[in-house]
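We count ligands from 1, going down the list as the structure has it; atoms in each ligand are counted the same way. Just so you know, these numbers come straight off a predicted model, no measurement behind them.
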Amino acid sequence: MRLWEEQLKIELLHLEKKTQRRRLHSIDFLNDSFIIMNGRKLLNLSSNNYLGLAGDKRLIEASIHATNKYGASSTASRLIVGNYSLYEHVETELARWKGTESALIFNSGYTANLGIISALVGRNDLVFSDKWNHASINDGIILSRAEMKRYLHNDLDHLEALLKKAPQHKRKLIVTDSVFSMDGDIAPLKGLVELKEKYGAILMVDEAHSIGVFGEGGKGLVHDIGLQEQVDVHVGTFSKSLGSFGAYVTGKQWLLDYFVNKMRSFIFTTALPPAVLGSIQAAIHIVQQESALRKQLHNYSKYFRTKLSGLGFNIGTSMTQIVPVIIGSNELTVQFSERLQERGIAAVSIRPPTVPKGTARIRFSLMATLSKDKLDWAINEIAAIGQEMRIIS
Ligand SMILES: *Cc1c(COP(=O)(O)O)cnc(C)c1O
């Protein structure tokens with residue numbers, strides 16, 4: 001065996017030992033609520049398809065229509081010949097929905113964060129990032145070569161202390177998730193706006209888990225709180241509650257022009273397939289009208305959180321449709337997830353390094369399209385496993 005082979009294989013073994021080795025599972029889609037995994041029919045409590053739009057006939061039809069009209073591929077990057085007129089239509093509708101001057105669509109949330117952060121700041125600048133921010137934000141900061149200052153989760157005092165120490169002349173970017181993806185809690189957006197104004201920083205907010213879910217017409221958490229004019233760089237994705245794929249930024253036209261010119265993950269990649277743009281367009285229409293689905297999701301979330309914490313589970317600081325059950329040890333968490341599967345529930349274990357050491361958890365996420373009966377059934381099963389494993393009494 002060559003040296004490099006041996007080294008990489010040892011790393012895999014090392015992960016195995018720490019119960020951190022990840023594996024792919026083949027999934028079949030059954031309907032909005034159920035999947036087939038490893039031959040078992042499972043209630044899906046792991047999906048980000050919060051409003052159940054991924055299987056919506058209107059999105060599917062719009063995808064097919066766009067494919068028929070434009071073909072299976074966009075054939076080039078947007079700055080070459082991939083910028084089909086469909087982009088302009090969808091971006092105009094997106095800007096109108098969000099009440100902004102302009103909107104720009106990207107291939108994914110991951111590449112959006114990589115590209116935006118590395119376009120906004122560089123070697124001599126500073127980025128202040130919540131410790132629990134999504135990995136794509138971290139990676140964007142690393143790529144930018146700016147100095148990363150991680151502040152304690154949602155801790156405005158810590159953030160201010162770091163801002164105070166920063167040289168005045170340096171460009172400063174504060175970046176946060178609006179709803180945190182592994183904890184389902186919410187960023188202190190008002191306080192962040194105050195600090196960014198006090199210290200002359202740029203504020204970037206990632207609404208991946210709040211777009212479609214919060215605010216009037218599903219505009220997101222920032223709109224819900226009325227801070228849309230204060231957030232400088234407003235990012236979100238179509239891959240979660242909108243049931244499609246891709247990401248966007250909304251804001252001033254000049255800033256989006258800047259991204260078109262400076263954002264490498266926008267410039268050097270093939271544009272989204274027309275099918276995706278078609279389903280995004282349908283989703284933008286639907287999500288604005290579906291306040292009943294949003295209401296249902298919030299009701300379920302509150303119910304689920306109340307029940308689980310009432311049973312004695314540690315659900316952390318969740319305030320949304322993302323509800324962690326924090327167990328701590330990797331082994332116990334993996335066992336919990338396996339038992340859930342045996343009883344017909346898909347809920348994956350999330351382990352370090354995705355979450356801090358010693359906080360391995362099951363991450364439940366809810367969908368508006370579940371039935372109340374199924375939800376109650378799931379709560380009973382979760383409780384039974386929790387008791388068997390002595391995680392709750
Ligand atoms: C899921 C997620 C992303 C990545 O979005 P994709 O479209 O899946 O690449 C970015 N930011 C946050 C906060 C996320 O939860």
Side-chain angles (χ1 to χ4, degrees), residues 27 46-51 53-54 59 90 94 103-120 127 129-144 150 153-154 173-189 192 203-214 220-222 231 233-250 259 263-266 269-273 275-277 279-280 283-284 287 316-324 348 350 353-355 361 363-367:
I27 311 284
S46 278
S47 169
N48 298 323
N49 180 25
Y50 304 126
L51 300 177
L53 294 184
L59 269 70
V90 183
L94 178 59
L104 189 65
I105 293 175
F106 308 112
N107 285 16
S108 77
Y110 185 83
T111 59
N113 283 337
L114 239 55
I116 288 172
I117 295 170
S118 55
L120 281 175
V127 185
S129 175
D130 189 292
K131 271 203 160 174
W132 292 5
N133 276 343
H134 191 261
S136 56
I137 292 175
N138 260 336
D139 294 0
I141 300 168
I142 293 168
L143 189 64
S144 78
R150 295 177 85 196
H153 175 56
N154 278 351
L173 170 66
I174 301 171
V175 56
T176 188
D177 289 8
S178 55
V179 167
F180 289 86
S181 52
M182 295 301 143
D183 292 81
D185 60 343
I186 282 174
L189 293 169
L192 291 172
L203 178 60
M204 170 173 172
V205 178
D206 179 346
E207 294 235 47
H209 294 282
S210 47
I211 186 70
V213 174
F214 288 96
L221 197 61
V222 168
V231 171
V233 188
H234 201 167
V235 183
T237 66
F238 303 114
S239 48
K240 284 156 186 162
S241 70
L242 277 92
S244 178
F245 188 71
Y248 64 85
V249 63
T250 53
F259 289 138
M263 201 175 138
R264 296 172 63 85
S265 72
F266 174 88
T269 193
T270 302
L272 285 169
V276 171
L277 284 167
S279 64
I280 291 174
I284 289 175
V287 82
T317 44
S318 167
M319 294 169 71
T320 64
Q321 74 280 5
I322 300 167
V323 185
V348 294
I350 309 282
T354 306
V355 292
R361 66 200 58 194
R363 175 188 183 269
F364 292 104
S365 52
L366 301 178
M367 276 186 285

Q: Taking the six-membered ring for Trp and the full ring for Phe, Tyr or His, determine whether the centres of Tyr248 and Phe238 are under 6.0 Å apart.
A: yes
Q. Where does the angle between the aromatic ring planes of Trp132 and Phe180 fall among parallel (under 30°), tilted (30 to 60°) and perpendicular (over 60°)?
A. perpendicular
Distances for all N or O pairs of ligand 1 and the protein under 3.5 Å?
unit_1: ligand 1; atom_1: 7 (O); unit_2: Gly109; atom_2: N; d: 2.8
unit_1: ligand 1; atom_1: 7 (O); unit_2: Ser239; atom_2: OG; d: 3.0
unit_1: ligand 1; atom_1: 9 (O); unit_2: Gly109; atom_2: N; d: 3.1
unit_1: ligand 1; atom_1: 9 (O); unit_2: Tyr110; atom_2: N; d: 2.9
unit_1: ligand 1; atom_1: 11 (N); unit_2: Asp206; atom_2: OD2; d: 2.6
unit_1: ligand 1; atom_1: 15 (O); unit_2: His209; atom_2: NE2; d: 2.6
unit_1: ligand 1; atom_1: 15 (O); unit_2: Lys240; atom_2: NZ; d: 2.7

Q | Set of side chain to side chain donor-acceptor pair (under 3.5 Å) partners for Asp206, sequence neighbours left out | A | Asn113
Q. Ser241 side chain to Ile211 main-chain N or O, any donor-acceptor pair under 3.5 Å?
A. yes
Q. With sequence neighbours excluded, what pairs up with Arg361 under the salt bridge (Lys or Arg N to Asp or Glu O under 4.0 Å) test?
A. Asp183
Q | Thr354: side chain to side chain donor-acceptor pair (under 3.5 Å) partners, not counting sequence neighbours | A | Arg22
